[in-house]
Amino acid sequence: MEVIIQSDASTISLYVARLIRDLVRRKPNATLGLATGSTPLLLYRELIRLHREEKLDFGSVTTFNLDEYLGLASDHPASYNHFMRENLFKHINVAPANIHIPDGQIEGAEVLDYCRRYEEEIRDAGGIDLQILGIGSDGHIGFNEPTSALTSRTRIKTLTERTLQDNAPFFARPDEIPHHVITMGVGTIMEARHIVLLAFGERKARAVAETIEGPISALFPSTILQMHPQATLLLDKAAASKLQRRDYYRWVFDHKPEWQQIS
Ligand code: PGA
């Protein structure tokens, strides 16, 4: 697990955008795992700029999103399908056929088959090369809420009250927020070759401290990232504020070879 602390979200987002740029230039048919929420917004803005101004070509890239609310049409303003279209896909050249976001309108027992097929599609695409993650204030990754099996696969989950509260600002009325979602499982996420988690703000500080310095536990699903061979956690100062070994992570980063550092 590599922990990188930087002053602000903007520096981190530019760095992650460059990681993606380098991956896509090295491997034009790369498979990206994408996240929604407020955390990746600056990252997506920079990817759009790289596409427009530096001709970064997403034409052969495949994408898989982590999750979607069940019961929301894809054009609902709070759906993750809508979020991805507005904040990234309509501005870059990913082929529509290569975009995968769970369908929020799957119903009843069909969900099981649908989730199995989502997993197959990830496998058929050769697995995820780079997975972008945010983190919930309760330690969820994707929508894998506390007590999610750490080996879980794509499936339906029920959101905690805390997540409903955290996500309320994205909805016009609190009673509009679906209680159920489809999410990649923790095990699905862990198969990505490189996991890049971004966390910004004081609200994430406890979840970040548990993830890096706490015991691995299904009560904090993000703690499983300690077992991943290539997980990079990029934190702004506020998100890093509850880490006991903050100085050590900074020291390690400062002593990395120059070519590995954030510029
Ligand atoms: P946020 O959500 O980016 O809106 O903070 C992250 C998450 O819940 O995973």
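All heavy atoms count here, side chains included; hydrogens, waters and symmetry mates do not. Start at 1 and go down the list; that is how both ligands and their atoms are numbered. Each residue takes its place number in the sequence, starting with 1.
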Original post:
How close does the nearest protein non-hydrogen atom get to atom 7 (C) of ligand 1, and which residue and atom is it?
Top reply: His140 NE2, 3.4 Å

Original post:
With distance as the sole test, does Asp67 use its side chain to make a donor-acceptor pair with the main-chain N or O of Ile182 at under 3.5 Å?
Top reply: no

Original post:
Which of the atoms in ligand 1, numbered in the order shown and given with their element, are less than 4.0 Å from a heavy-atom of Lys204?
Top reply: 1 (P), 5 (O), 6 (C)

Subject >> Glu68 (side chain) donor-acceptor with Tyr80 (main chain) under 3.5 angstrom >> reply: yes

**OP:** For the pair Glu202 and Lys237, find out whether any cationic side-chain nitrogen is under 4.0 Å from an anionic carboxylate oxygen.
**Re:** no

Original post:
Counting each atom of ligand 1 from 1 as listed, which ones have a heavy atom of Gly37 under 4.0 Å away?
Top reply: 3 (O), 4 (O)

**OP:** Starting at OG of Ser222, measure out to CG of Asn144 and round the result to the nearest 0.5 Å.
**Re:** 10.5 Å

**OP:** Please confirm whether the backbone N or O of Thr154 pairs with a side-chain atom of Glu119, one donor and one acceptor, at under 3.5 Å?
**Re:** yes

Subject >> Per-atom contacts of ligand 1 with Arg203, taking only distances under 4.0 Å to non-hydrogen atoms >> reply: 5 (O)

Original post:
Should you measure from each heavy atom of Thr39, which atoms of ligand 1 turn up under 4.0 Å away?
Top reply: 1 (P), 3 (O), 5 (O)

Subject >> Nearest neighbour in protein (non-hydrogen) for atom 6 (C) of ligand 1 >> reply: Ile135 O, 3.6 Å

